[in-house]
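Counting begins at 1 with the first residue of the sequence. Counting starts at 1 for both ligands and their atoms, in listed order. When reading the values below, keep in mind they use all heavy atoms of this one structure, side chains included, and skip hydrogens, waters and symmetry mates. Just so you know, these numbers come straight off a predicted model, no measurement behind them.
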Amino acid sequence: MKQLPIRLRLTLWYFAVFSCAGIVLCVVSWFLLQQSLKTVALYEMGERIDDVHNILNAQPQNITLDSLREQFSGYNARDDGKWLQILDQNGNWLFRSERIKSIQPTLPLPQTIRDRDTITKFAYATRHHPERSGIALIRTITVHGRLYSVQTGLSQSTSAALLETFARDLVLLTPGLLFLAAILGYWMSRKALSPIAELALRARQISDKSLNLRLPVSDTNDEVSHLSETLNQMLARIDSGVRSIREFTANAAHELRTPLALIRTEVEVILSFPRSKDEYRESYANVQQETIRMTRLIDDLLMLARTDAGVETLHLEAINVTQFVHQIGRKWGALMQQSLLEFDIEVLCTTAYIAGDLISLQRLMHILLENACRCTPAGGSIKLRAFVENENIVLEVSDTGIGIAAEHLPRIFERFYRVDQARSRQLGGSGLGLALAKLIAAHHRATLTVASDVGAGTRFRLTIEQQKNVDAYLQENCSVLSEKAYTAF
Ligand code: ATP
Ligand code: MG
C-alpha cells in the first residue's frame, strides 16, 4: 500500500491525538460541572437547614405548635427557588413552602430516618413541564429534646438547562476546534520538517563538480543536526573517493601518454627517411620496450580496477613455502647476476605451508624483488628469506640499496607514488607495484610492512598465516576467504 507523505501523516497523528484529548476533556468538564452544581446546591440547602436549626433553637422550650408555625410563616419571603418543609416528630407540619405544596414529594417522618443527612432525587411535574426532577436534602435535628425533620429541596431544571447548554456549546465548538487543530497540525509539521526540506534543497545543489560543499549543521543537537552531520561525513567520503578516482585517472592517462609519445616519436623518425638495418632494429626495439611497458602498466591498472570493482577472485591452494621461495629464487638468480648483485636465499621453515593464490603471491614477490633490484646499485646484495615468527610465515626481501627516507615511507603504498619520480620513470616504474602488493597481501589477510634506512637498505616483510592442516583449512575457508578478501580490503 502506498504510504502517505510524512507531512500528511504527522498532521493526521496530531489531529487524532488532539481529537482524543479534546473529547476526553469535554466529557470530563461536563461531569465536573455537573458535580460542582450538585455540590453548590447541597451546600446552599445545608445552610438553609442550619438557618431552621438556629430559629428552632431560639424558641422557648414550651412553645406551642401553632406559635412555631407562626414563627415560620414569614419564611416564604425567602423562597428563592428552593422549597422547605419542617415536620415535628409526630408528623405535624411546622412549615411548608408554597412551591412544595404543588410538588407534593413523599418524604419520610423523623422517627423512621437515620440520624444523618439523606440526599434523595425526586421527580415532579408542572403544568408546562411534565418531567422535571429535583434533589432534596433531609436532616433530622434535635431541639429542646424534640426531633424535627427539616427537608429542603431544589429543582434541577436550572442545572439541567445549564448542563444542556454547556454540552450543546461543546458539540458546536468541538468540530471547529478540531478543524483548527488539523490546520495547526499541518502548519506545525511543515515547520518541523522545514529544516529537512532546507537540507534537501542544499543537497540538490551539490553535484559531482561541487563535492566540496557541505550541508549546514545547526547546533540544536537533534535528529536534524545528526542527519546533516551524517550526510556531511558521507559527502566527505564520496568527495575523497571521487578525488582519488580522478587522480587515478589523471595519473593513468599521464603514465600512458609517456610511452605512447615515445612510440610516436620513434615511428615518425622511422618514417621520415630511409635508415640502415641496424637503425631500424634499434628503433623497433625501442618501440617494443615501450609497448611492453605500456602493457604492464595496463595490466596493473586492470588488476587494480577489477579489484576495486570486486570482481577479482582468489584461487586458493596449499603452497609449500620452500618450493615457492626456491621457484622465485631460480627466476631471479640470473637477473640479479646480470645486474651484478649478490642474491641469497634462506628458508628456515622447510615443511611449512601457506594457503594462497599462487599467481598473486608470485606477483607480489616479483614486485618486491624488482624494486630491490632497481634500487640497489651494482655490487650490493639482496636477500630472500622465509621463516616462522609467532606461528606465522614471514617472507622477507631485504637489500643494501639506496633506502627510503622516513617521510616517504607512509606513502610508498599509494598508487602512482614514487620517491624519485624522474628516476623511477626512467627505470620504467609507474608507482603501482607496491599498491598492488599491498592489495594482494590484504586479500590473503596478510600484512606487508617496510623498514628502511637511507643509504643502508630496505626490508619488506610479508607476514602470512601458517597453515598446519592445509587441506582441512582449504575445504573450510576457500569460498569464504575469496569472498571476504574484498570486503576486508
Ligand atoms: P612499478 O613497480 O609500478 O613499476 P615503482 O617501482 O616506481 O613502479 P612501486 O613498486 O610502487 O613503484 O614503488 C614505489 C616507490 O618506492 C618506488 O618508486 C621507489 O622509489 C620506492 N621503493 C620501492 N622499493 C624500494 C627499495 N627496495 N629500495 C628503495 N626504494 C624503494
Ligand atoms: Mg616497483
*Determine, step by step, whether Glu247 and Arg243 satisfy the salt bridge (charged side-chain N to carboxylate O under 4.0 Å, His left out) criterion, reporting the C-alpha distance in whole Å, the side-chain angles of both residues, the deciding distance to 0.1 Å, and the verdict.*
CA-CA 6 Å; Glu247 256 171 46; Arg243 208 173 307 157; over 6 Å; no
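The N/O atoms of Leu434, backbone and side chain alike, include one that comes under 3.5 Å of an N/O atom in ligand 1. Note: an N/O pair closer than 3.5 Å links Asn371 and ligand 1 by distance alone. Backbone and side-chain nitrogen or oxygen atoms of Asp300 are examined, and none is located within less than 3.5 angstrom of a nitrogen or oxygen of ligand 1. Inclusion of Ala435 in the set of residues having an N or O under 3.5 Å from an N or O of ligand 1 is not warranted.
Checking Leu297, Ile404, Ile412, Ile382 against atom 30 (N) of ligand 1, the nearest heavy atom belongs to Ile404. For atom 1 (P) of ligand 1, the choice among Ala437, Gly457, Ser430 with the nearest heavy atom turns out to be Ser430.
Ionic pairing of Glu389 and Arg461 is present here: one or more N-O contacts between side-chain nitrogen and carboxylate oxygen are shorter than 4.0 angstrom. Using a 4.0 Å cut-off between charged side-chain N and carboxylate O, Glu44 and Lys38 make no salt bridge. Between Arg168 and Glu164 no salt bridge is recorded (no basic side-chain N to carboxylate O distance below 4.0 Å). Residues Glu198 and Arg204 are not paired through a salt bridge, judged by the lack of any N-O separation under 4.0 Å between the basic side chain and the carboxylate. Using a 4.0 Å cut-off between a side-chain N of Lys or Arg and a carboxylate O of Asp or Glu, Asp299 and Arg363 do not qualify as a salt bridge.
Here Leu368 has no heavy atoms under 4.0 Å from ligand 1, in either its backbone or its side chain.
Residues Asn286 and Glu290 form no side-chain contact, since every pair of their non-hydrogen atoms from C-beta on lies 4.5 Å or further apart. Contact check for Leu170 versus Phe166: side-chain heavy atoms found under the 4.5 Å cut-off. Between Phe387 and Ile393, every side-chain heavy-atom pair lies at or beyond the 4.5 Å cut-off. Annotation: side chain of Ile402 is not in contact with side chain of Val454 (no heavy-atom distance under 4.5 Å).
Residue-ligand proximity, Val419 to ligand 1, at heavy-atom distances under 4.0 Å covers atoms 18 (O), 20 (O), 21 (C). Heavy-atom contacts of Arg374 reach the following atoms of ligand 1: 4 (O), 5 (P), 6 (O), 8 (O) (cutoff under 4.0 Å). Set against the non-hydrogen atoms of Tyr417, the atoms of ligand 1 under 4.0 Å away are 14 (C), 15 (C). For ligand 1, the atoms closer than 4.0 angstrom to any heavy atom of Cys375 are 25 (C), 26 (C), 28 (N), 29 (C), 30 (N), 31 (C). Close approach of ligand 1 to Arg418 is summarised as follows: ligand atoms under 4.0 Å from at least one heavy atom of the residue are 7 (O), 18 (O). Listed by number with element, the atoms of ligand 1 under 4.0 Å from a non-hydrogen atom of Gly433 are 1 (P), 2 (O), 3 (O), 9 (P), 10 (O), 11 (O).
The closest approach between Gly431 and ligand 1 falls below 4.0 Å for a heavy atom of the residue. Residue contacts with ligand 1 include Phe460, since one or more of its heavy atoms lies under 4.0 Å from the ligand. Residue Arg296 places a heavy atom under 4.0 Å from ligand 1.
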